[in-house]
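Written below as structure tokens is the structure these notes are about.
Heavy-atom basis, side chains included; hydrogens, waters and symmetry copies ignored. Since the model is a prediction, treat every value here as computed from it, not as a measurement. Positions are given from 1 along the sequence.
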Amino acid sequence: MIQNPSLNTHKATKQAIVIILTLVASMFAGYQISLVGTEGLTPFIALAAGAALSYHIFQRPYIGLVIIIATLPVDSLLPDIPYFTSLFPVIGGLTILAYMVQRRREGNSIWPTRWQLTYTFILGFIIWMFISNPTAAYRQNRSIALYTYVQLFALVALTVELFKGERNRYHALMWAYVVTCTYSAHVAIQEAAMQQSSVAFDVSGGVGGLSGINTSARYYTIAFFLLFYLRGNLKGMQRWMVILTWAAQLYLLQGVVVTGSRTAIIIAFVGVVLLLLSPTSRIKPQRVLMPAIVIMLVYVAVPGEVWDGMINSIFPTLEEGTDTVATRYELWDAAMNMVAEKPLTGVGIDQFARNVRAYSNPLSPMTKVIGAHSIYFSVLAETGWPGFFIYMGIIVSSIFYALRAAFRLRNEGDKNLAYIWFVALVVLLIGGLTKHDHYDKLLWLMFGTCTAVNYFLYDQQQRDKHLPELKQVA
């Protein structure tokens with residue numbers, strides 16, 4: 001049956017609005033708690049909020065995943081939950097339960113419909129993490145590492161099962177994520193305005209929005225690219241919505257600039273290049289001109305001193321190892337020293353910070369080390385060469401699924417959907433060169449979305465298989 005694209009657009013928008021209203025209510029509750037404390041949140045209000053959230057998740061389990069990902073840019077506004085590290089495990093538990101209930105109601109198994117290669121690598125990484133250093137896997141640092149990665153495995157598997165072949169769910173996720181990122185960018189821009197004096201904003205410090213400088217900059221960059229997809233592939237979008245998406249992109253780019261993250265500027269440029277290399281791109285003039293216009297508008301809007309300070313600092317810091325890059329070089333040297341001494345097991349998952357001073361040249365006592373500032377050096381130092389290659393298997397298999405779908409699917413919208421998640425994943429992975437977010441929820445969601453788009457290819461293969469039979473019947 002052929003669906004009306006405009007109806008799909010309205011459905012996705014309606015679902016996104018429900019999710020966004022839920023997020024706004026949660027953030028408002030968090031804000032109230034920050035003012036009056038937990039005693040100001042009466043049991044009735046807490047019960048009502050929990051019941052509403054549970055109802056929506058049990059009606060549509062994928063909403064739980066959308067809320068988890070969409071709240072990442074604004075998680076500092078969310079209330080803390082007693083006996084839990086944050087609200088995320090609570091929502092995740094509700095989502096898993098809702099998924100199981102839904103599958104049982106439909107008479108289906110709760111296990112994945114298809115076993116994906118990505119699952120094999122994730123399971124292998126968890127097993128290796130445990131057998132290579134059981135003490136580290138169970139040791140309490142930020143959290144219990146083994147439990148964290150089991151949760152991430154569940155996040156990937158649920159993403160695949162709940163989003164496979166469901167375009168509207170992807171679109172609802174994108175809209176909700178874009179809205180929260182735009183709000184976070186607004187906070188960052190306001191922070192930058194407050195720091196300004198008679199001199200232009202000092203980019204060496206930057207502002208963090210609601211999630212820290214590097215994290216916020218990456219979030220805004222991903223949202224910027226998702227808007228390109230939404231505007232170009234959703235039919236029936238009203239003109240005011242088109243204008244709004246352009247305005248949001250300008251705002252997000254301005255948010256990236258005021259964070260002062262040089263890595264984000266680089267990955268934004270790489271992402272635009274990747275978009276122009278899309279399998280559906282025929283390098284039309286508007287595909288080149290429109291991003292150029294957006295970039296020029298941001299360039300004009302931002303003071304020249306900001307650009308001069310940022311551009312002039314990128315290459316010298318990389319070459320000379322000055323600024324924070326010098327500390328990163330020292331941490332990466334320490335990571336290589338760790339794996340040189342323990343090439344098979346590493347020092348143990350999540351144990352880089354505990355061991356860094358024993359494997360490095362004396363760091364400044366004022367230097368606070370929380371990680372290796374790189375996905376790849378962190379995984380290598382903590383799990384050894386076997387763990388590193390297994391983790392790279394997760395990355396490569398996810399990219400393979402997304403690219404295969406992007407180049408083999410015939411439907412242009414589905415091709416673009418697969419390719420935009422590939423672009424988003426690559427952007428995060430490049431950003432991971434300077435940030436140790438190998439356990440980041442957004443990164444693992446993208447492992448799931450890149451794997452899930454492969455189901456569009458499965459559906460196409462099934463249609464091709466039955467097409468001769470349909471023609472014969474006709």
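- Within the 4.5 Å cutoff, no side-chain heavy atoms of Val339 are placed close to those of Phe388.
- Separation of the Tyr149 and Tyr439 ring centroids does not fall under the 6.0 Å cut-off.
- Of the inter-residue distances, the one linking Ile349 atom CD1 with Tyr138 atom OH reads 14.5 Å to the nearest 0.5 angstrom.
- No hydrogens or angles considered: a donor-acceptor pair under 3.5 Å links the side chains of Tyr458 and Asn454.
- Taking the six-membered ring where tryptophan is involved, the planes of His171 and Tyr229 are tilted, since the angle between them lies from 30° to 60°.
- The shortest side-chain heavy-atom distance between His186 and Gln190 falls under the 4.5 Å cut-off.
- Distance alone, capped at 3.5 Å, places no donor-acceptor pair between the Arg408 side chain and the Leu457 backbone.
- Using a 4.0 Å cut-off between charged side-chain N and carboxylate O, Arg167 and Asp414 make a salt bridge.
- In this structure, the ring of Phe125 has its center no less than 6.0 angstrom from the ring center of Phe121.
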Run Leu344 and Ser132 through side-chain contact (heavy atoms from CB on, under 4.5 Å) and show every step you take. CA-CA 8 Å; Leu344 289 180; Ser132 63; over 6 Å; no

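- Counted by atom type alone, Thr118 and Thr451 present one or more donor-acceptor pairs between their side chains at under 3.5 Å.
- Side-chain N/O atoms of Ser184 and Tyr220 include a donor and acceptor closer than 3.5 Å.
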Test side-chain contact (heavy atoms from CB on, under 4.5 Å) on Ile420 and Met174; report intermediate values, then the result. CA-CA 11 Å; Ile420 197 63; Met174 292 176 176; 3.9 Å; yes

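- Atom CG of Leu429 sits about 9.5 Å away from atom CE of Met446, to the nearest 0.5 Å.
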Run the side-chain contact (heavy atoms from CB on, under 4.5 Å) check on Gln151 and Tyr147 step by step: do they pass? CA-CA 6 Å; Gln151 285 182 308; Tyr147 175 58; 3.2 Å; yes

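- No side-chain donor from either of Arg105 and Gln102 sits under 3.5 Å from a side-chain acceptor of the other.
- Looking only at side-chain heavy atoms (C-beta outward), Asp437 and Thr215 stay at 4.5 Å or farther from each other.
- Tested against Ile122, the residues Ile390, Leu152, Ile127, Ile394 include a single side-chain contact (heavy atoms from CB on, under 4.5 Å) partner, Ile394.
- With a 4.5 Å cut-off on side-chain heavy atoms, Met336 and Phe377 count as touching.
- Between the side chains of Glu341 and Tyr359, a donor-acceptor pair is found at a separation under 3.5 Å.
- Phe447 and Tyr391 have perpendicular rings, their planes meeting at more than 60° on a 0 to 90° scale where under 30° would count as parallel.
- Contact between Ala418 and Ala402 at its shortest, heavy atoms only, is CB-O, 3.7 Å.
- Separation of atoms CZ (Arg218) and CD1 (Ile430) is listed at 10.5 Å; rounding is to 0.5 Å.
- Closest heavy-atom contact between Ala185 and Leu252: CB-CD2, 4.2 Å.
- Looking at Glu382, its side chain never comes within 3.5 Å of a backbone N or O of Val347 through a donor-acceptor pair.
- Taking the side chain as every heavy atom from C-beta outward, Leu65 and Phe163 approach each other to under 4.5 Å.
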Could you walk me through whether Leu428 and Leu443 satisfy the side-chain contact (heavy atoms from CB on, under 4.5 Å) test, starting with their C-alpha distance in whole Å, then the side-chain angles of each, then the deciding distance to 0.1 Å, before giving a yes or no? CA-CA 7 Å; Leu428 272 189; Leu443 176 63; 4.2 Å; yes

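- Using a 30° and 60° split on the angle between ring planes, Tyr419 and Phe422 fall in the tilted class, from 30° to 60°.
- Annotation for Ala405 and Val453: closest pair CB-O, 3.9 Å, computed over non-hydrogen atoms.
- What you find for Ala98 and Ile57 is that their closest heavy atoms are CB-O, 3.6 Å.
- Side-chain contact check for Tyr62 versus Tyr99: every heavy-atom pair is 4.5 Å or farther apart.
- Looking only at side-chain heavy atoms (C-beta outward), His436 and Tyr376 stay at 4.5 Å or farther from each other.
- For the residue pair Thr383 / Trp128, no side-chain donor-acceptor distance below 3.5 Å is found, with atom types taken as modelled.
- Ile375 places none of its side-chain heavy atoms less than 4.5 Å from the side chain of Lys435.
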What's the verdict on side chain to side chain donor-acceptor pair (under 3.5 Å) for Gln460 and Arg463, showing C-alpha distance, side-chain angles and the deciding distance? CA-CA 5 Å; Gln460 178 177 286; Arg463 290 193 298 270; 4.7 Å; no

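- Of all heavy-atom pairs between Gly448 and Thr159, the closest is C-CG2, 3.7 Å.
- Distance CZ/Phe225 to CD/Gln249: 9.0 Å, rounded to 0.5 Å.
- Across all their heavy atoms, Ala372 and Trp332 have their closest contact at O-NE1, 2.9 Å.
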